[in-house]
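Note sheet for the following structure.
Since we're looking at a predicted model, the values are computed, not measured.
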Amino acid sequence: MTPAARIQAAIEILDQIVAGEPAEKALTSWARGARYAGSKDRAAIRDHVFDVLRQKLSCAAIGGGLNGRALMIGSLTQVGADLDSVFTGGGHAPSPLADDERPDAPALDVAEAWDVPDWLLPLWQSSLGDKAAEVAEIQRHRAPVFLRANLRRTSTEEAIMALAAHEITAQPHPLSPSAIEVTGNARRIKQAPAYLTGEVELQDAASQALIDALPLPDAGKVLDYCAGGGGKTLAMAALSSATMHAHDANPRRMKDLPDRAERAGIAVRLLKTNELKQTGPFDLVLCDAPCSGSGSWRRAPEGKWRLTPEVLDEVTQLQAQILDDAAPLVAEGGVLAYATCSVLSVENHRQIEAFLERHSCWSLEAERLFTPTEGGDGFFVAVFRKA
């Protein structure tokens with residue numbers, strides 16, 4: 001496919017997304033109907049689509065509309081592309097621009113310039129203070145690719161050398177001793193021997209730093225209460241000799257965890273909800289709670305535009321319920337850790353304040369907000385100790 005044909009495909013996919021189709025489903029449906037498209041074509045089209053989704057407000061304002069064509073015009077304008085060389089109408093390229101489609105450099109308001117939903121802007125600013133503009137700008141662009149070196153099997157330096165043997169370039173990242181930033185040939189990772197043998201796992205650097213901040217026990221029992229795919233379970237297991245347990249309200253989210261654990265050389269016991277009390281109490285319980293995802297919107301930009309005040313209210317209520325449900329599972333003197341991939345204060349500091357008001361037998365030992373200004377995604381972690 002020519003570069004212009006890829007852009008036309010992105011326009012068609014964006015039209016489906018604007019109509020309500022999830023991005024991944026729209027991309028998959030297009031690929032199934034376009035057998036002529038090679039892997040490089042599909043990757044380039046995906047990049048166009050997600051570049052637009054990260055910057056939907058500014059693209060719409062510059063391009064003059066919320067349809068796929070206008071959004072793509074806005075996106076290309078922002079990177080300084082020559083629109084007339086793309087919108088030619090030749091072959092499978094988009095049709096030529098009409099006079100009223102030519103961008104006229106409109107003045108953007110703050111929400112448009114930052115690509116933050118209007119209703120969220122005050123909370124964004126109050127949550128991040130003087131970092132609000134910088135974090136918003138970072139979220140408008142692609143995220144780095146990070147790996148976690150499995151320190152049970154290798155060192156960060158050895159993992160980087162193993163990746164280099166597969167022509168994947170990488171370097172250590174200062175957020176965590178296990179963090180590796182991939183700088184070249186990231187699409188080869190899942191075929192690399194270091195990945196296939198469990199020496200490295202895909203995991204954001206701030207997510208790894210969050211695990212480093214936990215007071216992991218040398219022995220005893222640890223529970224990842226909202227385990228999902230199990231990335232943090234495996235990260236904890238690489239740093240602790242405690243017995244690892246994983247649970248999720250939707251067990252299907254953990255379906256790949258046994259294979260990942262075996263590949264990493266780690267033993268993890270998966271627990272159903274009705275097995276938690278009889279297996280506990282636990283020395284440490286991690287609640288990586290469902291959240292707005294506002295710290296990782298550059299990776300999953302659809303979440304930025306699907307979030308509403310009502311959804312945020314529901315999420316914060318669920319977070320409080322998870323903390324209340326998990327607290328009784330912690331042993332006397334044990335630790336409850338609360339984490340989100342959010343930068344919003346209503347999901348972070350306000351949640352821990354409310355938890356302490358509800359539970360007088362707990363004390364706060366530490367809290368930290370990681371923002372994308374440090375290189376990784378936005379994450380929050382708080383550590384409570386049970387009296």
Side-chain angles (χ1 to χ4, degrees), residues 1-118 136-143 186-187 296-307:
M1 296 176 69
T2 64
R6 291 170 174 174
I7 289 170
Q8 176 58 31
I11 288 171
E12 296 168 8
I13 293 166
L14 285 165
D15 279 331
Q16 295 178 45
I17 295 169
V18 170
E21 191 90 340
E24 292 294 349
K25 185 175 180 182
L27 284 160
T28 300
S29 297
W30 179 87
R32 286 175 179 165
R35 300 294 184 184
Y36 53 84
S39 60
K40 291 183 178 179
D41 296 320
R42 293 193 298 272
I45 292 163
R46 180 185 181 86
D47 286 345
H48 283 311
V49 168
F50 276 87
D51 286 345
V52 168
L53 291 178
R54 292 184 190 96
Q55 304 178 7
K56 192 170 78 168
L57 274 186
S58 59
C59 288
I62 294 167
L66 264 174
N67 59 71
R69 184 175 170 93
L71 290 169
M72 203 69 237
I73 289 170
S75 179
L76 293 170
T77 300
Q78 292 195 72
V79 297
D82 178 4
L83 297 181
D84 288 321
S85 69
V86 174
F87 291 80
T88 64
H92 297 284
S95 59
L97 296 175
D99 289 342
D100 62 358
E101 288 184 308
R102 294 188 177 279
D104 56 0
L108 303 182
D109 62 28
V110 174
E112 291 168 339
W114 290 11
D115 279 295
V116 172
D118 289 293
E137 179 61 25
I138 291 170
Q139 298 284 47
R140 297 178 69 247
H141 303 280
R142 299 178 198 178
R187 288 193 168 97
S296 57
W297 277 341
R298 56 182 173 171
R299 298 185 191 278
E302 276 185 293
K304 186 193 297 190
W305 313 115
R306 294 185 185 276
L307 187 67

Are [X] and [Y] side-chain neighbours, meaning at least one heavy-atom pair lies under 4.5 Å?
X	Y	answer
Phe50	Leu27	yes
Asp82	Phe87	no
Trp297	Val116	no
Leu83	Pro103	yes
His48	Met72	yes

| field | Stepwise side-chain contact (heavy atoms from CB on, under 4.5 Å) test for Trp305 and Leu57 | value | CA-CA 9 Å; Trp305 313 115; Leu57 274 186; 3.6 Å; yes
| said: Among residues at least two apart in sequence or on other chains, which ones pass side chain to side chain donor-acceptor pair (under 3.5 Å) with Glu112? | reply: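 Residues passing side chain to side chain donor-acceptor pair (under 3.5 Å) with Glu112: none at all.
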| All side chain to side chain contact (heavy atoms under 4.5 Å, CB included) counterparts of Glu137, not counting sequence neighbours |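 If we apply the side chain to side chain contact (heavy atoms under 4.5 Å, CB included) test to Glu137, skipping adjacent residues, the hits are Arg140, His141.
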Whether [X] side chain and [Y] backbone form a donor-acceptor pair below 3.5 Å:
X	Y	result
Ser296	Arg299	no
Ser58	Gln55	yes
Thr88	Ser85	no
Ser75	Leu71	no
Lys56	Asp115	no
Arg54	Glu302	no

Indicate the atoms forming the closest heavy-atom contact of [X] with [Y], along with that distance.
X	Y	value
Pro106	Ala61	CG-O, 3.4 Å
Ile73	Glu101	CG2-O, 4.0 Å
Asp41	Tyr36	OD2-O, 4.4 Å
Arg306	Gly20	NH2-O, 4.1 Å
Val86	Pro94	O-CD, 3.5 Å
Gly64	Ala70	C-CB, 4.2 Å

Check: residues 11-19 side-chain donor-acceptor pairs under 3.5 Å, at least two apart:
| residue | atom | partner | partner atom | Å |
| --- | --- | --- | --- | --- |
| Glu12 | OE2 | Gln8 | NE2 | 3.1 |
| Asp15 | OD1 | Gly68 | N | 2.7 |

Got a second to check how far [X]'s [atom1] is from [Y]'s [atom2], nearest 0.5 Å?
X	Y	atom1	atom2	result
Ile62	Leu108	CD1	CG	5.0 Å
Ile7	Arg69	CD1	CZ	11.5 Å
Trp30	Ile45	CH2	CD1	3.5 Å
Arg46	Arg6	CZ	CZ	15.0 Å

